[in-house]
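Report on the following structure.
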Amino acid sequence: MVNDEGRDHLAPWLPWATSINDVEETRRWLKQFAEEQAKDRGRMYGIWLDGVLVGGVLFQVFRARSGICEVGAWLAPEAEGRGLVTAAVRRMVDWAFQERGMARVEWRTEPTNLRSIAVAKRLGMTREGVLRDVFRFQDGRRDLEVWSLLASEYRGQGPEQGR
Ligand SMILES: CC(C)(COP(=O)(O)OP(=O)(O)OC[C@H]1O[C@@H](n2cnc3c(N)ncnc32)[C@H](O)[C@@H]1OP(=O)(O)O)[C@@H](O)C(=O)NCCC(=O)NCCS
């Protein structure tokens with residue numbers, strides 16, 4: 001899915017959009033997630049639209065014993081604006097809370113990434129604050145906002161909320 005147009009679209013927000021640019025690197029990256037999934041410490045899923053891979057969602061962090069996980073997502077530009085990521089992340093949130101008994105799901109985003117912040121809001125997440133210079137990027141370090149949804153809040157809104 002990361003053709004040149006997709007790469008330009010993701011590059012402002014995701015360092016791997018420009019650092020992973022051949023088959024070997026891509027394979028290594030996907031293998032890392034397969035290994036994380038085998039250890040139950042992370043997962044990645046594709047988002048498919050009419051049979052075409054147009055994006056992905058992942059548990060960047062998944063710590064079952066401490067009950068904490070972090071979700072992330074990306075889409076090709078032509079797949080934005082259809083609610084695909086909100087629906088996919090909502091499914092992951094349902095699974096994390098209902099089937100895995102997680103205590104909190106996090107979403108981290110740059111303060112200027114308004115589409116990403118809109119996803120967190122749509123999911124009923126709360127903005128907790130800013131981690132300064134926490135995100136290492138090709139051009140330096142960046143701040144990240146932390147948004148989260150707690151199990152107690154999720155029980156309040158129920159899995160059908162917002163659908
Ligand atoms: C962040 C990103 C995944 C958000 O994509 P998105 O398409 O805006 O988010 P969703 O898939 O949830 O779609 C929401 C949009 O679909 C619309 N929509 C249509 N049907 C919908 C439905 N059933 N449910 C929710 N939204 C729906 C919403 O109104 C919204 O459109 P709008 O922003 O024009 O109002 C995308 O912009 C992206 O990949 N950005 C680059 C990478 C990136 O920043 N990743 C996140 C790093 S933290």
Side-chain angles (χ1 to χ4, degrees), residues 1-21 25-26 29-30 32-33 36 41-63 68-98 102 104-150 153-154 156-163:
M1 96 94 197
V2 186
N3 54 22
D4 285 342
E5 194 194 342
R7 203 182 295 282
D8 291 346
H9 173 67
L10 301 180
W13 314 111
L14 302 171
W16 56 257
T18 47
S19 65
I20 300 179
N21 44 35
E25 279 290 325
T26 307
W29 187 62
L30 291 174
Q32 257 176 30
F33 274 94
E36 290 288 285
R41 289 177 71 84
R43 282 155 202 270
M44 184 191 286
Y45 304 99
I47 298 177
W48 298 77
L49 184 63
D50 300 329
V52 177
L53 182 63
V54 292
V57 279
L58 80 170
F59 283 109
Q60 175 78 36
V61 173
F62 195 85
R63 301 287 173 264
I68 288 166
C69 57
E70 180 194 332
V71 184
W74 66 93
L75 282 175
E78 66 275 15
E80 283 185 329
R82 300 163 182 251
L84 292 174
V85 157
T86 298
V89 174
R90 202 168 261 145
R91 178 70 192 94
M92 293 167 80
V93 167
D94 288 350
W95 181 78
F97 286 137
Q98 291 192 297
M102 288 296 196
R104 61 181 268 136
V105 177
E106 282 184 17
W107 178 266
R108 296 186 177 200
T109 175
E110 289 191 43
T112 51
N113 193 340
L114 300 183
R115 293 196 83 96
S116 175
I117 289 171
V119 173
K121 288 182 179 169
R122 241 179 260 119
L123 291 164
M125 291 183 159
T126 296
R127 181 184 177 279
E128 297 183 329
V130 177
L131 298 172
R132 296 179 302 155
D133 271 0
V134 72
F135 191 28
R136 196 173 61 183
F137 223 86
Q138 281 95 340
D139 61 358
R141 303 195 70 90
R142 300 187 184 179
D143 296 346
L144 285 181
E145 290 186 359
V146 181
W147 291 71
S148 72
L149 186 64
L150 304 183
E153 296 163 344
Y154 169 81
Q157 64 177 224
E160 297 303 319
Q161 192 263 359
R163 282 181 191 161

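For this chain, numbers begin at 1 and follow the sequence in order. Every number for a ligand or one of its atoms is a count from 1 in the order of the listing. Here the structure is a predicted model, which is why all the values come from computation and not from measurement.
When only interatomic distances are considered, the shortest N/O to N/O separation between Asn113 and ligand 1 falls below 3.5 Å. Where the criterion is an N or O separation shorter than 3.5 Å, residue side chain and backbone included, Thr109 fails it with respect to ligand 1. For Arg108, no nitrogen or oxygen atom sits less than 3.5 Å from a nitrogen or oxygen atom of ligand 1, counting backbone and side chain alike. Geometrically, ligand 1 and Ala79 share no nitrogen or oxygen pair separated by less than 3.5 Å.
The salt bridge (charged side-chain N to carboxylate O under 4.0 Å, His left out) contacts involving residues 42-52 comprise Asp40-Arg43, where partners must be two or more places apart or lie in separate chains. Judged as a salt bridge (charged side-chain N to carboxylate O under 4.0 Å, His left out), the pairs with a partner in residues 74-85 (not counting sequence neighbours) are, in order, Glu80-Arg115.
Looking at Glu36 and Phe62, their side chains never come closer than 4.5 Å, going by heavy atoms from C-beta outward.
In summary, of the residues considered (Glu70, Glu128, Glu153), a side chain to side chain contact (heavy atoms under 4.5 Å, CB included) with Arg104 occurs for Glu128 alone.
Between Trp74 and Trp16, the angle of the ring planes goes over 60°, which puts this pair in the perpendicular group of the 30/60° scheme.
When heavy-atom distances to ligand 1 are checked against a 4.0 Å cut-off, Leu10 comes that close only through its side chain, counted from C-beta outward. Of all the heavy atoms of Glu110, none lies under 4.0 Å from any atom of ligand 1, so neither backbone nor side chain is involved.
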Determine, stepwise, if the pair Met44 / Leu30 fulfils side-chain contact (heavy atoms from CB on, under 4.5 Å). CA-CA 8 Å; Met44 184 191 286; Leu30 291 174; 3.9 Å; yes

Could you go through Val54 and Trp48, starting from their C-alpha distance and side-chain angles, then the distance that decides it, and tell me whether this counts as side-chain contact (heavy atoms from CB on, under 4.5 Å)? CA-CA 6 Å; Val54 292; Trp48 298 77; over 6 Å; no

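At least one heavy atom of Gly81 sits closer than 4.0 Å to an atom of ligand 1.
To the nearest 0.5 Å, the span separating CD on Glu106 from CD on Glu145 amounts to 13.0 Å.
Atoms of ligand 1 lying under 4.0 Å from at least one heavy atom of Leu75, given by number and element, are 5 (O), 7 (O), 11 (O), 38 (C), 39 (O). The Arg82 neighbourhood of ligand 1 comprises atoms 13 (O), 16 (O), 18 (N), 19 (C), 20 (N), 21 (C), 27 (C), with distances under 4.0 Å to a heavy atom of that residue.
In this comparison of Glu80, Glu145, Arg115, the heavy atom closest to atom 34 (O) of ligand 1 sits on Arg115. Selection from Ala73, Ala17, Gly56 by nearest heavy atom to atom 46 (C) of ligand 1 gives Ala73.
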